2 protein chains.
Amino acid sequence: MGINERKERERAEMRELILKAALELFIEKGFENVSIRNIADRIEYSPTTIYLYFKDKQELLHQIHDHGFSMLSGYFVALAAEPNPFERLRLMGLSYIKFATENQELYELMFVQQNADEYLAQMGEDWDQGGDAFGILKHNVEECMRAGQLPLNNVEVYSFYIWSSLHGMIMLNFRQRCISVLSEEFKKTMLIAGFELFFNNLRLITKP
Amino acid sequence: MGINERKERERAEMRELILKAALELFIEKGFENVSIRNIADRIEYSPTTIYLYFKDKQELLHQIHDHGFSMLSGYFVALAAEPNPFERLRLMGLSYIKFATENQELYELMFVQQNADEYLAQMGEDWDQGGDAFGILKHNVEECMRAGQLPLNNVEVYSFYIWSSLHGMIMLNFRQRCISVLSEEFKKTMLIAGFELFFNNLRLITKP
DNA sequence: TTTGTTTACTTAACACTGTTAACTACATTT
DNA sequence: AAATGTAGTTAACAGTGTTAAGTAAACAAA
């Protein structure tokens with residue numbers, strides 16, 4: 001009696017179809033600027049059909065949110081090959097910036113979109129996609145400290161500090177709150193310049 | 001014939017009344033969650049009246065945006081009294097964090113809200129509120145470098161780097177993307193802990 | 001003081017939004 | 001073949017930003 005299996009499969013396919021369209025549209029126009037009707041139009045179904053597969057617009061966001069964290073992890077897998085902890089940390093930073101700039105809208109969905117908050121609060125311990133990525137960072141920081149490549153310090157604070165710096169640069173770069181404030185030439189290179197300054201400073205701290 | 005003057009005054013008062021209500025509501029509920037009708041209700045006028053004083057909802061945002069930058073400057077005035085450049089820079093950082101946490105919604109309006117971008121682009125050179133604040137930062141950084149309290153380096157890059165770090169910590173603190181990721185006790189102190197680590201590191205870099 | 005005109009404001013409407021209730025038409029079970 | 005379940009639909013509700021048309025009061029001119 002494979003009939004239930006087939007139905008389940010069809011249901012999963014439909015969910016995937018909706019999610020794919022939603023992701024495309026969110027990335028094209030941003031979460032707020034995409035309506036359920038837009039998504040329905042793209043997949044050629046009635047708007048209400050979407051509500052048979054997802055509780056509401058928020059749930060679509062959450063799914064894509066999680067998808068984003070999986071993608072981010074994908075950017076990190078190649079790093080394991082690098083044996084030097086500090087260099088690995090540096091490459092991790094570069095990968096993070098690469099992910100953010102290559103997937104700007106998705107990055108915003110993951111780290112800026114407010115609506116995700118309550119969902120994460122509700123998920124609580126069960127939400128590990130983000131924990132995974134942050135776990136890798138903490139692990140690298142810890143190894144750096146053990147190898148004498150970072151000063152011995154609270155690993156969590158240090159990881160947060162590194163993450164913040166990159167996130168801040170990325171966000172200030174996205175929102176160009178610097179049109180008249182920064183020199184034209186700097187606007188393009190600011191992310192990399194800031195990143196390099198940051199990591200050189202990290203190096204300086206430990207090399208006395 | 002002071003009749004035109006009176007009318008002008010009344011018009012300015014009405015603008016102020018609308019702006020005040022809009023600011024209150026934006027801070028209470030966030031920009032996206034406030035409708036023109038909400039604002040109109042609060043001041044007991046019809047929704048369309050607001051359009052006689054402001055082009056659209058965006059223009060309300062822009063006004064409040066500028067208001068926010070004025071407020072931020074206000075947080076910085078007391079700093080001039082501090083003679084030591086590095087200590088002044090540190091206090092400036094603390095003031096920035098204070099402003100952000102005391103005026104969370106306003107801070108988001110200023111540095112996160114996307115819609116502000118095109119307005120700033122259009123304003124271009126004429127928008128100096130932000131330039132003022134960033135100018136003070138650059139000035140302080142430059143003085144630190146001259147006093148040997150920061151390594152000689154590109155002032156703009158260094159200022160951007162400092163600003164980014166604080167902005168990143170503030171934003172990661174606002175969006176608690178760390179519920180399951182950070183230890184409970186750290187969540188409350190993360191901003192200050194991160195800030196202190198950051199400035200201690202800045203000190204370490206220059207003290208060889 | 002009685003006209004005409006400008007101005008401040010309102011009502012009604014348009015095209016959109018997320019979401020729900022009621023309905024249809026088909027697939028599955030009996 | 002009849003009964004049941006269900007995937008998908010249409011219609012609707014209450015809300016959104018925004019505009020066009022209308023009203024009533026304040027002013028200027030006669």
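Predicted model, so just to flag it, every value in this text is computed and none were measured. Each chain gets a letter, A, B and so on, in the order its sequence line appears, and its residues count up from 1.
Within residues 30-48 of chain B, the residues that place at least one heavy atom under 4.0 Å from DNA chain D are, in residue-number order, B:V34, B:S35, B:I36, B:R37, B:N38, B:T48.
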Polar-atom pairs under 3.5 Å, protein N or O versus N or O of nucleotides 4-6 of chain C: list them with distances, or write none.
none

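For A:E10 and D:dT6, the CD to P distance is 14 Å, given to the nearest whole Å. For B:D56 and D:dT19, the CG to P distance is 8 Å, given to the nearest whole Å. One interatomic measurement links the two molecules: CD1 of B:I50 to P of D:dT18, which rounds to 11 Å at whole-angstrom precision. Rounded to whole Å, atom C1' of D:dG17 lies 16 Å from atom CZ of B:F54. One can place OH of A:Y51 at 15 Å from C1' of D:dA11, the figure rounded to the nearest angstrom. The CG atom of A:L52 sits 7 Å away from the C1' atom of D:dG8 (whole-angstrom rounding). Atom NZ in B:K55 sits about 13 Å away from atom C1' in D:dT19, given to the nearest Å. The interatomic distance linking B:R11 (CZ) with D:dA26 (P) rounds to 18 Å, in whole Å.
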Quiz item: What string of B, S and - do you get for nucleotides 23-28 of chain C, 5' to 3', if B is base contact, S is sugar-phosphate-only contact and - is no contact with any protein heavy atom under 4.0 Å?
Solution: -----S
Quiz prompt | Derivation and outcome, ring pair (Phe, Tyr, Trp, His ring centres under 6.0 Å), residues A:F198 and A:F195 | solution = CA-CA 5 Å; A:F198 176 72; A:F195 175 78; 7.4 Å; no
Quiz item: When you look at A:R90 and A:E87, which way does the salt bridge (Lys or Arg N to Asp or Glu O under 4.0 Å) test go after all the steps?
Solution: CA-CA 5 Å; A:R90 208 184 68 86; A:E87 179 60 15; 3.3 Å; yes
Practice problem: Could you check A:K20 against A:E24 for salt bridge (Lys or Arg N to Asp or Glu O under 4.0 Å), going step by step and ending with a plain yes or no? | Solution: CA-CA 6 Å; A:K20 189 168 158 285; A:E24 283 171 15; 3.3 Å; yes
Practice problem: Decide yes or no on side-chain contact (heavy atoms from CB on, under 4.5 Å) for A:L72 and A:Y96, but give the supporting numbers first. | Solution: CA-CA 8 Å; A:L72 178 56; A:Y96 189 79; 4.0 Å; yes
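The closest side-chain heavy-atom distance from A:E10 to A:M14 is not below 4.5 Å. B:E105 places none of its side-chain heavy atoms less than 4.5 Å from the side chain of B:E28.
Between A:L61 atom CG and A:E59 atom CD the span is 10.5 Å, to the nearest 0.5 Å.
By the neighbour-count criterion of 12 heavy atoms within 6.0 Å, atom CD of B:E16 is sparsely surrounded, having that number or fewer from other residues, nucleotides or ligands. The environment of B:E8 atom CD is sparse: at most 12 non-hydrogen atoms of other residues, nucleotides or ligands sit within 6.0 angstrom.
The listed nucleotides are C:dC9, D:dT18, D:dG8; the one nearest the side chain of A:Y53 is D:dG8.
Using modelled atom types and a 3.5 Å distance limit, the side chains of A:N103 and A:Y75 yield a donor-acceptor pair.
With a 6.0 Å cutoff to the six-membered ring centre and a 45° limit on the axis angle, B:R175 does not count as a cation-pi contact of A:F111.
At D:dA7, none of the side-chain N or O atoms of A:T49 fall inside 4.0 Å of OP1 or OP2 (strictly under the cut-off).
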